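Here it is, the structure, as structure tokens.
Numbers restart at 1 for each chain; the letters A, B, ... are given by sequence-line order, proteins then strands. It should be emphasised that the depicted structure is a prediction, and the values quoted were computed from it without experimental measurement.
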Amino acid sequence: MSETPCLSLHQITKRLGDKAVLHSLSLELFCGELCLLLGRNGSGKSTLLKTISGLMTPEEGEITTTITSSLPHTSYFGHQLMLYEQLTVSEHIDFYLKLSGAEASVTTLAHRWQLEPCLDLMVKDLSKGQTTRLALLRTFIKKTPLVLLDEPTSHLDDSGIKVLLAQIKELQNAGSAVIIATHDLLRLKEAASRLLVLERGEITFDTSLGEATLQERFMRAISFYQETNR
Amino acid sequence: MSTLYLTFLLKDFRIEFRSGQSLIPQITLTLLFSIIGYFALSSTFLEGEIVSRFVPGILWLISIIAISITTERTLLSENSDRAIDWILLSGVSCQSLFLSKATINLLISLISHAISILIFFAFFQIPFPAELIIVSFLGISGLSLLLTLLSALSVQSRLSTILLPVIALPLLFPLFFAAVELYLSFILEEAVSLYTAPWLWMMVMINILFLALGLILFERAFRA
């Protein structure tokens, strides 16, 4: 893991209407790190990820990055899956491949995400789990230095989570930083290297899991989880 | 840019072909307005040159209203599940997306305008000079370019159906005026190059202006 942060948030405040969802939030993110972002509903997790991605602009504060690539450096997966109802799965993958310039084939990617049986189905005819897989496939279609995932496991079964974790591992090995906002701590705890807890727009817990053993990680994860849901 | 444009165009064609989300409402509205317009004019018992003087204004008014109400529907697919967000984040140029949407809107609008022309010119037995094809193309392309740009703003508003015509109509007035003047000149065979040339140039310049504005502002309009 790198010693210099690849992303720094300094005193970020974001308001939605009159309500400040993020309060003077500061955070540093390092390359190769996988942060689990925990917090109750409405604590500001999604707003934080959208602000980091650039989909939302903060009213105050500064976001700086050391990522120098002129190419897009952020992949984002959100609550809205950003898909077209009238396109099929294979047309989506083909569209994303052409737009991102990634070198892969439709069948390879569909095979990786177990979407082959529904290649010719339109998105409106897919199950929630299948649309989530398609949206995740798009998120990982190109390796970017920063990956933001907002509750990616909500509709995934165990095999889907396995593919997701494998993709995240691959990105981490390539030096990408990953933030996952989730309530699904138990299924993601093994991959995490850092835990962040967000409450009322402020980070109240921030701990690196470092070299902790699996058992220690689990215990810490459980205690943080209980803390946030108290 | 051309590869990107073709990629967007193929995607937009597929969506429009399968959903008919813009084509069907626009043709329905145009047919409805044109038939009402035809009966309204017929009931006045006006004939010959006098009715020919009314037709261009009514025809272009119908086209502008029908197109401005339905154009933003081509952008619904980008907005409904925020598919546009991935495009914005992916770093690809939104200019290609603008051109693709404008092309789809142009084709649909040309079809609906042709229906309107058919109803008025055939039913009133007005001759249709070939020059009107150029005028129609310039008028409809100007409409499509401006409305595509403004749709990116209005589609995100809850008042979108009303908002687009309200913003667009004042901006479309010069185009409307030029198109009606040229139609009148050609229909009544009063076309003198000294008179028509400035109007044609004006339409060309408006098209260039709307194209430039669209290319520059489309992405900003979506981010607004």
Review point. Just wondering, do A:Phe95 and B:Leu10 contact through their side chains at under 4.5 Å, heavy atoms?
Key: no

Review point. Does atom CZ of B:Phe137 have more than 12 heavy-atom neighbours, drawn from other residues, nucleotides or ligands, at distances under 6.0 Å?
Key: no

Review point. Could you give the distance from CG (A:Leu99) to OG (B:Ser93), rounded to the nearest 0.5 Å?
Key: 10.0 Å

Practice item. May I ask you to check whether over 12 heavy atoms, not counting those of A:Asp120, lie within 6.0 Å of atom CG? Key: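 For A:Asp120, atom CG is not crowded (no more than 12 foreign heavy atoms under 6.0 Å).
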
Review point. Does NE2 in A:His111 sit with more than 12 non-hydrogen atoms of other residues, nucleotides or ligands closer than 6.0 Å?
Key: no

**Study point:** Separation of B:Leu89 CG from A:Leu55 CG (nearest 0.5 Å)
**Key:** 4.5 Å

Point to revise | Region of B:Ile15 in contact with chain A, defined by heavy-atom distances below 4.5 Å | key: both

Exercise for review: Verify the neighbour count for atom CZ of B:Phe54: are there more than 12 heavy atoms of other residues, nucleotides or ligands below 6.0 Å?
Suggested key: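 Incorrect, the count does not exceed 12.
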
Review point. Looking at CZ of B:Arg18 and CD of A:Glu85, how far apart are the two atoms once the value is rounded to the nearest 0.5 Å?
Key: 12.5 Å

Point to revise | Distance, nearest 0.5 Å, that separates CD1 of B:Ile84 from CD of A:Gln80 | key: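 Going from CD1 on B:Ile84 over to CD on A:Gln80, the span is 13.0 Å.
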
Point to revise | Partner of B:Trp86 by ring pair (Phe, Tyr, Trp, His ring centres under 6.0 Å), out of A:Tyr96, A:Tyr84, A:Tyr76 | key: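 Filter result, single survivor: A:Tyr96.
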
Check your understanding: Can you check side-chain contact (heavy atoms from CB on, under 4.5 Å) on A:Leu87 and B:Lys11, steps first, answer last?
Key -> CA-CA 8 Å; A:Leu87 291 188; B:Lys11 184 237 348 155; 3.4 Å; yes

Point to revise | A:Lys14, NZ: over 12 other non-hydrogen atoms inside 6.0 angstrom | key: yes

